[in-house]
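Report on one structure; see the data block that follows.
The analysis underlying the following values was restricted to heavy atoms, covering all of them including side chains, and did not include hydrogens, waters or symmetry mates. Letters A, B, ... mirror the listed sequences (proteins, then strands); counts begin at 1.
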There are 2 protein chains.
Amino acid sequence: MFELHGFAGLIHFPTLYIQDAIRLGQGRFRHIDKGEVILYQGEIASRAYWVVQGLLRSYSLDSAGKIHVFMFAPEGWIVSDVQSFTFLEPSNLFIDAMEPTLIIELNQSYLSVQSLNEGDVTHAINKLLRRISILQQRVIMLMSASAAERYEHFLETYPDLVNRVPLKWIASYLGITPEALSTIRGRIKDK
Amino acid sequence: MFELHGFAGLIHFPTLYIQDAIRLGQGRFRHIDKGEVILYQGEIASRAYWVVQGLLRSYSLDSAGKIHVFMFAPEGWIVSDVQSFTFLEPSNLFIDAMEPTLIIELNQSYLSVQSLNEGDVTHAINKLLRRISILQQRVIMLMSASAAERYEHFLETYPDLVNRVPLKWIASYLGITPEALSTIRGRIKDK
DNA sequence: AGGATTTCTTAATCTAGATTAATGTGCGGC
DNA sequence: GCCGCACATTAATCTAGATTAAGAAATCCT
C-alpha cells in the first residue's frame with residue numbers, strides 16, 4: 001500500500017508495498033528525531049517521506065518568521081513539497097518531525113509512469129483529483145467559515161490528531177492564534 | 001491543446017485539439033448567455049467546460065446565501081467541479097458565465113486513461129501536480145497574507161482579469177468585501 | 001524527582017476587515 | 001439620450017480574532 005498524501009499529493013499505488021519499495025531500491029528506512037528538520041524551505045525536495053510510525057508536518061515560514069502548518073502526516077501518509085519534488089523547484093515548505101518518527105525515503109522514480117501499470121495510473125490520477133478536492137474544500141473553508149467552524153471540520157477530518165498535536169500547531173493549521181483556539185475550546189466546553 | 005484548469009484540475013493533453021474533441025464525439029460547441037448557470041450545486045457535474053471565447057466562473061454558496069468565487073475561467077481554460085466530475089458526487093459549486101461565452105462541453109471519456117498514450121498521462125499527472133501546487137499556494141496565502149497582499153498576488157496571477165471582472169467578484173475571490181477592496185485600491189492609488 | 005522550558009488558559013486591549021448606510025458612477029435597454 | 005439598476009466609493013460603527021501580558025499546567029531533561 002503506497003499512499004502519497006502530502007502537501008499536495010495523495011497518490012495511492014495499490015500494487016506497491018513496503019517490501020517492493022525497499023527491494024526496488026526506491027526507498028530506504030530512516031529514523032527522524034523529534035524536532036529534526038528533514039526538508040528546508042529553498043532546498044530541492046529530492047525525496048518524499050513515507051511515515052511508517054510517528055508524525056511529520058509540513059509548514060511555511062512567512063516574512064515575519066511565523067510558522068503556518070500546511071499539513072500533518074501521521075502513519076501511512078507520504079509527505080513532500082510536491083511542487084519541488086515534481087518540478088525540481090526550491091521548496092516553499094519545511095518538513096519536520098513532531099514525534100520520533102520512522103520513515104521510508106522515496107526517490108523520484110516512484111512518480112515515473114513507466115514503472116506503473118494502467119490500473120495504478122488510473123488510481124494515481126484519482127488520488128490526485130481527490131487531493132485537489134480536499135484542497136478545494138480547504139480554500140472554500142478558509143474563505144467562508146469562521147474559526148470555530150474550521151475547528152469543528154478539523155475534528156471531523158483528523159479525529160486522532162487532537163490528542164497528539166499541540167494546540168498551538170492545530171491553531172496554526174487553522175490559520176488562527178493559539179489564544180483564539182483556546183477560547184473556542186472554552187466556549188465549546190461551556191455548552 | 002486541451003487544458004483542464006479548474007476548481008481543481010489543470011490537465012493538459014498536448015495531443016488533443018478542438019477538432020479531435022469534436023470529431024471524437026467527446027465534445028460539442030455551446031453558447032452560454034451572460035449570467036446563465038450551467039452547473040448547480042448539488043447536481044452531478046457530468047461535463048467539463050472548455051472556454052473558447054468569454055469568461056466563466058465557479059463559486060460556492062454558503063449557508064447565509066453569500067457567494068464565494070472559487071475561480072475564473074477565461075479563454076483556454078477548462079472548468080468543472082473536479083470532485084463531482086471525477087467521482088460522480090454532488091457538486092459543491094455553481095458555474096456560470098460572466099460574459100457571453102462559447103464553450104466546448106467535454107464528457108467523462110476525456111479523463112479515461114485508455115484514450116491516452118504514456119506521454120499524455122505523464123503530462124496530465126504533471127498538470128494535476130501543478131494545479132495542486134497552485135492550490136497549496138492559495139491556502140498558504142489565505143492563512144498568512146493580508147488582503148492587500150492577496151490582491152497584489154491576484155494582479156500578478158491574472159493581469160488581464162482586473163479590467164474584465166467586476167470588483168465585487170474579485171473581492172469575493174480574495175475572501176473580502178467589495179468595500180474592503182475599494183479601500184485597498186484607494187490606498188494603492190494614494191501612494 | 002525537581003527545576004526549566006514550553007504550552008495552555010484567561011483576560012484586557014487593539015486592529016483589519018465586516019457591516020451599514022448614503023452618495024456617486026457607469027452601463028444596458030428602450 | 002435618459003431612465004433605471006447594478007456597481008463603486010467613502011465614511012461611521014462594529015466585531016472576530018490578533019496582540020499583549022501574566023499566571024497555571026504540562027512536559028522535558030538530567
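- Rounded to 10°, the angle separating the first-five-pair axis and the last-five-pair axis of the helix from C:dA1-D:dT30 to C:dC30-D:dG1 equals 60°.
- The span of DNA chain C lying next to chain A, judged by atoms under 4.0 Å from heavy atoms, is bounded 5' to 3' by C:dT7 to C:dT10.
- Applying the under-4.5 Å side-chain rule to Ile, Leu, Val, Met, Phe, Trp and Tyr, the cluster around B:M141 consists of that residue alone.
- Taking B:F72 as the reference, B:Y173 meet the ring-ring contact (aromatic ring centres under 6.0 Å, His included) condition, with sequence neighbours excluded.
- Taking the side-chain contact (heavy atoms from CB on, under 4.5 Å) definition, one finds that A:K66 meets it with A:D62, A:H68, sequence neighbours left out.
- A heavy-atom distance below 4.5 Å is not found between the side chains of A:Q137 and A:I140.
- Panel note: side chain A:S91, backbone A:G42; no donor-acceptor pair is recorded below 3.5 Å.
- Applying the side chain to side chain donor-acceptor pair (under 3.5 Å) test to A:R57 and every residue at least two apart in sequence or in another chain returns A:D96.
- In this structure, the ring-ring contact (aromatic ring centres under 6.0 Å, His included) partners of A:F94, at least two apart in sequence or on a different chain, are A:Y40, A:Y59.
- Between B:W169 and B:I67, some side-chain heavy-atom pair lies under the 4.5 Å cut-off.
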Look for any protein N or O under 3.5 Å of an N or O in nucleotides 4-9 of chain D and output each such pair with its distance, or none.
from, atom 1, to, atom 2, distance (Å)
D:dC7, OP2, B:K168, NZ, 3.3
D:dA8, OP1, B:L167, N, 2.7
D:dA8, OP2, B:K168, N, 3.1
D:dT9, OP2, B:S182, OG, 3.1
D:dT9, O5', B:S182, OG, 3.1

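- Scanning for salt bridge (charged side-chain N to carboxylate O under 4.0 Å, His left out) contacts around A:E89 gives B:R130, with sequence neighbours left out.
- Residues B:R30 and B:E105 are paired through a salt bridge, judged by an N-O separation under 4.0 Å between the basic side chain and the carboxylate.
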Might you list the N or O atoms of the protein lying below 3.5 Å from N or O atoms in nucleotides 27-30 of chain D, with each pair's distance?
from, atom 1, to, atom 2, distance (Å)
D:dC28, OP1, A:K34, NZ, 3.0

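- For B:T177, the side-chain contact (heavy atoms from CB on, under 4.5 Å) partners two or more places apart in sequence, or in a different chain, are B:E179, B:A180.
- For A:P74, the side-chain contact (heavy atoms from CB on, under 4.5 Å) partners at least two apart in sequence or on another chain are A:L55, A:W77, A:L161, A:R164.
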